[in-house]
There are 2 protein chains.
Amino acid sequence: MAVTMNDVARAAGVSLKTVSNVLNDYEFIRPATKQRVQDAIAELGYEANLTARSLRSGKTSMLGLVFSDLSAPYYAELASRLMKAASRHGYRVLVEQSGADASVELSALHGTFRQLTDGLLFTPLVVDADAIAARAGTKPLVMLGEHIIDPRFDLVTMKNEEAAAALTTHLLQAGRRRIAVIGANAGESTGTAGLRMNGYRKALEQAGVPFDAGLVAPAQWRRDTGAAAVAGLMASGVQFDAVFGLNDVLALGAMHELLIRGVNVPGDVAVAGFDDIDEARFASPSLTTISPGMDEIAERSISLLLDRIGGRETSGQGVHVESGFELKIRESAP
Amino acid sequence: MAVTMNDVARAAGVSLKTVSNVLNDYEFIRPATKQRVQDAIAELGYEANLTARSLRSGKTSMLGLVFSDLSAPYYAELASRLMKAASRHGYRVLVEQSGADASVELSALHGTFRQLTDGLLFTPLVVDADAIAARAGTKPLVMLGEHIIDPRFDLVTMKNEEAAAALTTHLLQAGRRRIAVIGANAGESTGTAGLRMNGYRKALEQAGVPFDAGLVAPAQWRRDTGAAAVAGLMASGVQFDAVFGLNDVLALGAMHELLIRGVNVPGDVAVAGFDDIDEARFASPSLTTISPGMDEIAERSISLLLDRIGGRETSGQGVHVESGFELKIRESAP
DNA sequence: CTGAAAGCGCTTACAG
DNA sequence: CTGAAAGCGCTTACAG
């Protein structure tokens with residue numbers, strides 16, 4: 001068996017409570033006592049049993065993170081940063097992939113996964129606010145992303161609409177007039193895709209360029225679907241001089257398809273994305289995109305969640321945090 | 001408070017043990033009793049407390065996964081698959097990023113992280129076999145990758161040497177004679193880089209092409225360092241007609257640098273990588289690489305670890321599993 | 001087939 | 001400042 005607090009107490013000649021006091025940095029311990037306990041801990045190689053501590057205290061020092069798929073670069077890069085930020089505060093992150101499946105998203109809100117964590121960072125893709133509110137329980141919950149923007153929930157997001165407008169304006173200023181959009185969800189005006197579409201439309205409007213629904217191609221947010229969407233557009237004879245992928249992998253897939261078909265990028269068609277994943281910088285041509293400030297998002301998400309857990313944030317309403325963004329102009333759309 | 005087993009027992013009019021029996025699929029329960037318990041569980045919305053179960057049973061139903069950085073595409077794609085495979089067996093995966101830091105790698109072997117998990121999938125990058133053996137403890141441990149190949153440890157890996165040789169031979173057969181290698185570790189002949197280098201050298205030898213140390217550029221395995229390595233090679237006037245990146249992100253970074261400098265790929269210089277991350281297929285030009293069979297690696301890693309945990313694998317020696325590979329010939333090196 | 005009891009390793013009022 | 005005791009919610013021999 002592993003060394004327990006009891007063993008330490010015996011070795012140091014003190015009671016269990018005193019060992020616990022030392023472990024939990026209780027203030028009023030005689031220095032000599034503290035030293036004896038610490039010596040015993042070092043000598044025996046004692047390591048606290050987190051499971052026992054959790055059972056008793058109800059705290060696990062773990063945070064839950066739910067999104068659709070860890071193999072998507074944006075989520076992988078975000079998860080990596082979230083873990084590092086959490087680690088600086090003594091927390092681990094337990095990841096759950098929902099696969100954009102409603103039942104998985106809902107079950108992440110309770111049951112084992114919820115028990116195992118002190119708070120949840122949640123990027124729902126399909127369930128709605130009411131369903132979440134009905135099952136969210138009492139532990140802190142912070143929404144990541146923009147599927148749900150609701151005063152009942154804390155939320156960390158970025159200026160999607162503004163950023164998409166800035167990107168579109170950049171394309172317009174470069175003389176592009178027929179900007180295809182890939183990755184839209186038909187008729188949606190909320191959610192990440194919807195907000196970015198709003199930005200696109202506002203920029204067009206401001207420039208006096210009419211919106212053409214024929215330029216909008218729905219697609220799941222992957223490389224292969226981005227490529228297929230461009231292929232579909234070309235097959236149906238739609239003319240365009242730019243492609244705005246609603247995220248980077250869509251744009252990268254689209255660019256691949258264009259290049260394969262001998263279309264010059266950016267000569268014939270400019271391509272732009274959204275997310276600024278590491279790959280965007282090293283694509284050929286490198287990808288013009290929006291950097292959402294992932295470091296800031298990670299840092300502030302963890303801070304907000306830990307403030308809720310620690311009771312330092314007590315607002316009854318949801319707190320909404322919005323990170324800044326930066327337009328990264330690269331070769332694919334100078 | 002949450003609903004406990006006690007509440008269920010009371011509602012069903014049975015003892016705690018009977019509820020536990022139902023929960024753990026104990027065989028000999030009277031159907032009527034079982035039904036009553038299940039009804040009570042459903043009615044009360046009871047959910048087992050995993051922490052309490054863990055404390056008592058010593059099992060956590062979590063697996064540990066340690067590698068350097070989740071934002072590296074290979075690790076992200078592998079982690080995603082490992083989680084899915086683990087999930088099919090009722091396990092979760094807790095990820096720890098070591099940042100290739102020796103002290104983090106070592107501390108993942110014991111302490112909280114180890115307690116929290118029933119077994120460990122470990123990709124060490126810097127610590128050696130003896131250091132691991134000294135601290136590995138008694139819980140199952142499966143090595144992933146080839147930094148350590150030691151009969152004391154279970155290991156899941158792939159035919160690195162053979163695959164690198166096959167790739168090099170492909171380049172040679174296409175007429176390339178000066179194949180630069182990016183990502184080597186000076187003088188190393190074990191570990192992933194070392195094994196792939198061995199394969200490269202064997203293929204050269206077999207083709208009667210002399211090895212030229214001037215063509216070997218050390219680099220960490222990232223895009224930016226791959227780009228910098230190629231830039232360094234060109235700056236020092238080394239001539240080459242192909243680049244073998246020891247993994248895909250190195251190759252992709254290298255390709256980016258070549259294209260920026262107006263080098264035609266594959267016309268002037270062929271480029272090949274290793275890993276077959278999703279991005280390789282959609283790069284422009286698409287990347288010739290080795291597919292290590294990530295699905296197979298994920299599936300077999302989880303199987304082996306769970307067999308150890310369940311006591312179904314009892315070999316005293318380490319079990320070594322080697323997955324197959326496939327050469328993916330694409331545009332960057334036809 | 002089912003029940004009563006002990007105990008996993010901690011934390012936390014409650015005393016002193 | 002420190003100790004003795006209860007208890008978090010389970011599982012597991014041990015009886016019967």
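Below, read A as the first sequence line, B as the second, and so on, with proteins coming before strands; counting in each chain starts at 1.
Minimum atom distance to the side chain of A:Asn21 is reached by D:dT2, of the listed C:dT11, D:dC10, D:dT2. Ranking D:dC10, D:dT2, D:dT12 by closeness to the A:Thr33 side chain, first place goes to D:dT2.
Looking at B:Glu146 and B:Thr157, their side chains do bring a donor and an acceptor atom within 3.5 Å of each other.
The interatomic distance linking A:Gln35 (CD) with D:dC1 (P) rounds to 16 Å, in whole Å. Distance, A:Leu23 CG to C:dT12 C1': 14 Å, rounded to whole Å. As a whole-Å value, the separation of B:Arg53 CZ from D:dC8 P is 18 Å. If you measure from atom CG of B:Leu16 to atom P of D:dC14, you get 19 Å, rounded to the nearest angstrom. Regarding B:Asp7, its CG atom lies at a distance of 14 Å from the C1' atom of D:dC8, rounded to whole Å. For the pair A:Leu55 CG and D:dT11 P, the interatomic distance rounds to 12 Å; values are reported in whole Å. A straight line from CD of B:Gln115 to P of C:dC10 spans 8 Å, rounded to a whole angstrom. The distance from atom CZ of B:Arg56 to atom P of D:dG7 is 19 Å, rounded to the nearest whole Å.
Nucleotide C:dA15 is matched to D:dT2 when pairs are restricted to Watson-Crick or G-U wobble geometry with both distances under 3.5 angstrom.
If you run salt bridge (Lys or Arg N to Asp or Glu O under 4.0 Å) between A:Glu299 and each of A:Lys84, A:Arg88, A:Arg81, only A:Arg88 comes through.
The shortest non-hydrogen separation linking A:Glu47 to B:Gly111 is OE1-N, 3.2 Å.
An OP1 or OP2 oxygen of C:dC1 is reached within less than 4.0 angstrom by no side-chain nitrogen or oxygen of B:Arg30. Residue A:Thr18 has a polar side-chain atom (N or O) positioned under 4.0 Å from OP1 or OP2 of D:dG3.
Mapping B:Ser57 and B:Pro31 onto DNA chain C via the closest heavy atom, the residue that lands nearer the 5' end is B:Pro31. With the nearest nucleotide of DNA chain C identified for both A:Thr4 and B:Lys17, B:Lys17 has the one nearer the 5' end.
Proximity of B:Val66 to B:Phe113: side-chain heavy atoms (C-beta onward) are separated by under 4.5 Å at one or more points.
For the pair A:Asp39 and A:Arg36, the salt-bridge criterion is not met [side-chain N within less than 4.0 Å of a carboxylate O].
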